[in-house]
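All remarks here apply to the structure that follows.
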Amino acid sequence: MQINGAHVLVTGANRGLGRQFVLSLLERGAGKVYATARRPELVDVPGAVPLRLDITDPASVAAAAAAAPDVKIVINNAGISTGANLVTGDLDVIRREMDTHFYGTLNVIRAFAPQLADGAILNVLSAVSWLGVDGAGAYHAAKAAEWALTSNARLELAGQRTLVTGLHLGAADTDMMAWYDGDKSAPEAIVAAALDGLEAHRLEVLADTWSRQVKSWLSEDPEIMYRNAAAVLTP
């Protein structure tokens, strides 16, 4: 999988990791980068092709797929974080998270899959795909569902040789994580790991220490996993 010369579409490209994906793809010689957002006028990267896309709106997704028929790599980065818990949170807010991370990502995959033979999909996941965090129950559930989606899409698209890669990270230094006082990785480092993983045909990229730690805890008893996580997360 070569970035140089490839035509790539990035969702949620107007800020944060999405904007960094666009910058890094262009630096690596991508032939065309569609930088999508619900408000494409906010895309400010020279050389990118702004394109309107609301991943939760099937009509918008279909229009974007029709407008970008040359895409061979799709980076599903668009996401939200509401801070809602599952037991006490507003159900409409919880559904927004699931509609974005799971159904929205699925909308994009279904629309673009026919043109991605010998191409690739990269889904931006999270260490929280595997670990529940009080104050982020809806995000955890939605990212866990998106991880499952990533695994199944990989199997379903194997026959057309579409690489499906899951990117896991802890905290990146973006505006979405501005509230977090712990260690945060530079967006450039996260995106570099992701694109290196794509070019190496890797199915999973663990982009930082936090994602590697959480992945290693999955084989442990849940009590040990949450005790370890509490030790890391508690100041």
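The first residue in the sequence is number 1, and the count goes up from there. The figures that follow rest on heavy atoms only: side chains count, while hydrogens, waters and symmetry mates do not.
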Check your understanding: Of the non-hydrogen atoms in Ala35 and Ala48, which two are nearest, and what is the gap between them?
Key -> CB-CB, 4.0 Å

Practice item. Check the hydrophobic clustering (I, L, V, M, F, W, Y; side-chain heavy atoms under 4.5 Å; chains of links allowed) and say if Val61 and Leu106 are grouped together. Key: yes

Review point. Do any N or O atoms from the side chain of Gln160 and from the backbone of Ala113 form a donor-acceptor pair under 3.5 angstrom?
Key: yes

Point to revise | Side chain proximity check, Ile224 to Trp217, heavy atoms < 4.5 angstrom | key: no

Review point. If you count the non-hydrogen atoms of other residues, nucleotides and ligands that lie under 6.0 Å from CD in Glu41, is the total more than 12?
Key: yes

**Study point:** Gln115 side chain vs Val71 backbone, donor-acceptor pair below 3.5 Å
**Key:** yes

Practice item. Check for a donor-acceptor pair, side chain of Asn14 on one end and backbone N or O of Val43 on the other, with a separation under 3.5 Å. Key: no

Study note, to complete from the structure: Between Pro40 and Pro50, the two heavy atoms sitting closest are O-CB, 3.8 Å

Point to revise | Aromatic contact, Trp130 with His168 (centres under 6.0 Å) | key: yes

Check your understanding: Are Phe21 and Val124 close enough that some pair of their side-chain heavy atoms sits under 4.5 Å apart?
Key -> yes

Exercise for review: Would you name the heavy atoms of Ile73 and Ala6 that are closest together and state the gap between them?
Suggested key: CD1-CB, 3.9 Å

Point to revise | Close side-chain approach of Ile109 and Asn107, heavy atoms under 4.5 Å | key: no

Exercise for review: Kindly indicate whether the side chain of Leu131, heavy atoms from C-beta on, has any atom under 4.5 Å from the side chain of Tyr226.
Suggested key: yes

**Study point:** Pairwise salt bridge (Lys or Arg N to Asp or Glu O under 4.0 Å) hits with a residue in residues 125-151, at least two apart
**Key:** Lys143-Glu146

**Study point:** Heavy-atom closest contact (Val214 atom, Met225 atom, distance)
**Key:** CG1-CE, 4.3 Å

Review point. So, Arg154 side chain and Leu203 main chain: donor-acceptor pair closer than 3.5 Å or not?
Key: yes

Exercise for review: Decide yes or no on side chain to side chain contact (heavy atoms under 4.5 Å, CB included) for Leu51 and Leu9, but give the supporting numbers first.
Suggested key: CA-CA 9 Å; Leu51 182 63; Leu9 181 138; 4.1 Å; yes

Practice item. Compare every heavy atom of Thr11 with every heavy atom of Asn77, then report the nearest pair and how far apart it is. Key: N-OG1, 2.8 Å

Exercise for review: Measure centre to centre between the rings of His101 and Tyr139, then say whether the value is under 6.0 Å.
Suggested key: yes

Exercise for review: Measure the spacing between CZ of Arg110 and OH of Tyr103 and express it to the nearest 0.5 Å.
Suggested key: 11.0 Å

Review point. Under 3.5 Å, is there a donor-acceptor pair linking the side chains of Thr105 and Asn76?
Key: no

Practice item. State, yes or no, whether a side-chain contact exists between Leu155 and Val164 at a heavy-atom distance under 4.5 Å. Key: no

Point to revise | Sequence neighbours excluded - salt bridge (Lys or Arg N to Asp or Glu O under 4.0 Å) pairs with any residue from residues 57-80 | key: Lys32-Asp70

**Study point:** Residue pair Gln20, Leu23: steps toward the side chain to side chain contact (heavy atoms under 4.5 Å, CB included) verdict
**Key:** CA-CA 5 Å; Gln20 185 60 53; Leu23 287 167; 4.1 Å; yes

Exercise for review: Would you check if there is a donor-acceptor pair between the side chains of Arg52 and Ser60 at a distance under 3.5 Å?
Suggested key: yes

Exercise for review: Return yes if some donor-acceptor pair links the side-chain N/O of Ser211 with the main-chain N/O of Asp208 below 3.5 Å, else return no.
Suggested key: yes

Check your understanding: Got Leu163 and Leu198 here, is their nearest side-chain heavy-atom distance under 4.5 Å?
Key -> yes

Review point. Can Val133 and His140 be said to form a side chain to side chain contact (heavy atoms under 4.5 Å, CB included), step by step?
Key: CA-CA 7 Å; Val133 176; His140 168 51; over 6 Å; no

Exercise for review: Report yes if the side chains of Leu195 and Ser24 come closer than 4.5 Å at any heavy-atom pair, otherwise no.
Suggested key: yes

Review point. Counting distance only, does the side-chain N/O of Thr56 pair as donor-acceptor with the main-chain N or O of Thr100 below 3.5 Å?
Key: no

Point to revise | Evaluation steps, salt bridge (Lys or Arg N to Asp or Glu O under 4.0 Å), between Arg28 and Asp196 | key: CA-CA 11 Å; Arg28 293 188 182 216; Asp196 287 347; 3.0 Å; yes

Check your understanding: For the side chain of Glu204 and the backbone of Thr165, is there at least one donor-acceptor N/O pair under 3.5 Å apart?
Key -> no

Review point. Are Leu17 and Val8 connected in the hydrophobic side-chain network, where two residues link if heavy atoms are under 4.5 Å apart?
Key: yes

Exercise for review: State whether the number of non-hydrogen atoms from other residues, nucleotides or ligands found under 6.0 Å of Arg212 atom CZ is greater than 12.
Suggested key: yes

Review point. So does Arg96 pair up with Asp99, basic N to acidic O under 4.0 Å?
Key: no

Check your understanding: Out of curiosity, does Leu157 fall in the hydrophobic cluster containing Leu149 (side-chain heavy atoms, cut-off under 4.5 Å, transitive links)?
Key -> yes

Exercise for review: Look at the side-chain heavy atoms of Ile, Leu, Val, Met, Phe, Trp and Tyr, link any pair under 4.5 Å apart, and say whether Leu169 and Ile121 land in one connected group.
Suggested key: no

**Study point:** Within 6.0 angstrom of Arg38 CZ, more than 12 heavy atoms from elsewhere
**Key:** no

Practice item. Quick one: pull up OG1 in Thr82 and CD in Glu97 and give me the separation to the nearest 0.5 Å. Key: 3.5 Å

Practice item. May I have the step-by-step check of side chain to side chain contact (heavy atoms under 4.5 Å, CB included) for Leu25 and Ile75, ending in yes or no? Key: CA-CA 11 Å; Leu25 286 162; Ile75 296 177; 3.9 Å; yes

Check your understanding: How far apart are the closest heavy atoms of Asp118 and Met1, and which atoms are they?
Key -> O-CE, 3.7 Å

Practice item. Kindly compute the distance separating CG (Leu167) from CZ (Arg202), expressed to the nearest 0.5 Å. Key: 10.0 Å

**Study point:** Whether Asn123 side chain and Leu125 backbone form a donor-acceptor pair below 3.5 Å
**Key:** no

Check your understanding: When clusters are formed by joining ILVMFWY residues with side-chain heavy atoms under 4.5 Å apart, either directly or through shared neighbours, do Trp147 and Phe102 land in the same one?
Key -> no

